[in-house]
**Student:** 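Starting off with a structure, shown below.
We use all heavy atoms of the structure for the numbers below, so side chains are in, but hydrogens, waters and symmetry mates are not.
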Amino acid sequence: MRIARYIIVAAVLLCFGGCAKYTSDCELLVRARRLPVQNSPPGGEAAYDVTVFAYYVSEGDMDRWAPASYADAESGQIRNLDTGEIRGYDLMGEQGDDTYIHITLSRSPVLLMAVNRYDRFYAWRTFEYLPPQNDPVTMTLRFLLYETRTQFPDSHWTVVNGNKEEQEG
């Protein structure tokens with residue numbers, strides 16, 4: 001009897017915990033910055049020609065998907081690192097009147113990928129949110145112009161310089 005009660009409680013908690021992740025939209029604002037640039041303001045200057053793509057992924061697959069190259073990123077494609085399967089994006093962000101790229105997510109988790117065509121950089125990270133998400137989520141993405149590949153533990157972005165990637169490849 002006691003075991004049956006624990007199973008019922010666990011089932012109810014799993015149901016509510018799992019369903020809560022997929023019930024509300026989340027507005028995401030991504031601010032892309034270029035660092036360092038001579039005479040740039042603190043925090044860098046705005047990056048040009050940046051597109052943000054979103055891919056809905058399951059929790060178990062979040063770390064299995066990533067862009068394999070600048071060419072993949074530029075075309076909005078990611079690859080499954082285990083199988084090599086290629087897939088296109090589910091959503092594409094839009095540049096607003098401000099310095100932010102706007103994207104509205106309808107579920108979580110997602111893999112976000114940003115492509116900076118002006119400097120030939122690309123970046124990706126996973127993102128999860130729990131509703132209700134009343135205020136927009138703002139995140140900053142920094143492109144370090146002198147680095148080949150950088151991981152930012154604080155923001156969870158992995159950034160790759162497509163120019164240097166081609167020179168080394």
**Student:** If you take all heavy atoms of T104 and D25, which pair is closest and at what distance?
**Tutor:** CG2-CB, 4.1 Å

**Student:** Quick one: does any side-chain atom of D61 pair with a main-chain N or O of R64 as donor and acceptor, under 3.5 Å?
**Tutor:** no

**Student:** Backbone N or O of E147 within a donor-acceptor pair of the T150 side chain at under 3.5 Å?
**Tutor:** no

**Student:** Do the side chains of M92 and V52 get nearer than 4.5 Å, heavy atoms only?
**Tutor:** no

**Student:** Can you list the steps and then say if E128 with S108 is a side chain to side chain donor-acceptor pair (under 3.5 Å)?
**Tutor:** CA-CA 5 Å; E128 291 185 74; S108 174; 4.7 Å; no

**Student:** Output, in order, the C-alpha distance, side-chain angles, deciding distance and verdict of side-chain contact (heavy atoms from CB on, under 4.5 Å) for I101 and L29.
**Tutor:** CA-CA 6 Å; I101 295 133; L29 306 176; over 6 Å; no

**Student:** Report the relative orientation of the aromatic rings in Y89 and Y55; use parallel for angles under 30°, tilted for 30 to 60°, perpendicular for over 60°.
**Tutor:** perpendicular

**Student:** Under a plain distance cut-off of 3.5 Å, with no hydrogens placed, do Y56 and S106 share a side-chain donor-acceptor pair?
**Tutor:** yes

**Student:** Can you list everything that forms a salt bridge (charged side-chain N to carboxylate O under 4.0 Å, His left out) with R125? Sequence neighbours excluded, please.
**Tutor:** none

**Student:** Is the positively charged end of R87 above the ring of W65, judged by distance under 6.0 angstrom from the centroid and angle within 45° of the axis?
**Tutor:** yes

**Student:** Taking all non-hydrogen atoms of both residues into account, name the closest pair between L112 and F127 and its distance.
**Tutor:** CD1-CB, 3.9 Å

**Student:** Please identify each residue that fulfils side chain to side chain contact (heavy atoms under 4.5 Å, CB included) with D49, with sequence neighbours left out.
**Tutor:** R117, Y118

**Student:** Verify side-chain contact (heavy atoms from CB on, under 4.5 Å) between F53 and L91, making sure each step is shown before the conclusion.
**Tutor:** CA-CA 6 Å; F53 300 102; L91 297 169; over 6 Å; no

**Student:** Show your working on side-chain contact (heavy atoms from CB on, under 4.5 Å) between D72 and R79 and close with a plain yes or no.
**Tutor:** CA-CA 8 Å; D72 277 357; R79 291 180 189 256; 2.5 Å; yes

**Student:** Any non-hydrogen side-chain atom of T158 less than 4.5 Å from a side-chain atom of R149?
**Tutor:** yes

**Student:** Check side chain to side chain contact (heavy atoms under 4.5 Å, CB included) between T140 and all other residues, then give those that pass, not counting sequence neighbours.
**Tutor:** R31, R33, R142

**Student:** Would you check if F121 and V160 make a side-chain contact, meaning some heavy-atom pair closer than 4.5 Å?
**Tutor:** no

**Student:** Going only through I, L, V, M, F, W and Y residues with side-chain contacts under 4.5 Å, is there a path from I86 to I78?
**Tutor:** no

**Student:** For a quick test of reading the model, state the closest non-hydrogen atom pair linking P109 to S58 and the distance between them.
**Tutor:** CG-C, 4.2 Å

**Student:** Run V57 and V110 through side-chain contact (heavy atoms from CB on, under 4.5 Å) and show every step you take.
**Tutor:** CA-CA 5 Å; V57 293; V110 296; 5.7 Å; no

**Student:** Could you see if L81 belongs to whatever hydrophobic cluster contains M62? Use Ile, Leu, Val, Met, Phe, Trp, Tyr and a side-chain cutoff under 4.5 Å.
**Tutor:** no

**Student:** Check Q77 against M113 and note the closest heavy-atom contact, atom names and distance.
**Tutor:** O-CE, 4.0 Å

**Student:** Please check if atom CZ in F152 has more than 12 non-hydrogen atoms from other residues, nucleotides or ligands closer than 6.0 Å.
**Tutor:** yes

**Student:** Check this for me: E94, atom CD, are more than 12 non-hydrogen atoms of other residues, nucleotides or ligands nearer than 6.0 Å?
**Tutor:** no

**Student:** Taking C-beta and beyond as the side chain, do Q151 and W157 meet within less than 4.5 Å on heavy atoms?
**Tutor:** no

**Student:** Using every non-hydrogen atom in the two residues, find where A32 and F143 come nearest and quote the distance to one decimal.
**Tutor:** CB-CE1, 3.9 Å

**Student:** Verify the distance criterion only: is there a donor paired with an acceptor across the side chains of R120 and N163 at less than 3.5 Å?
**Tutor:** yes

**Student:** Which heavy atom of Y129 sits nearest to which heavy atom of R107, and what is that distance?
**Tutor:** OH-N, 3.3 Å

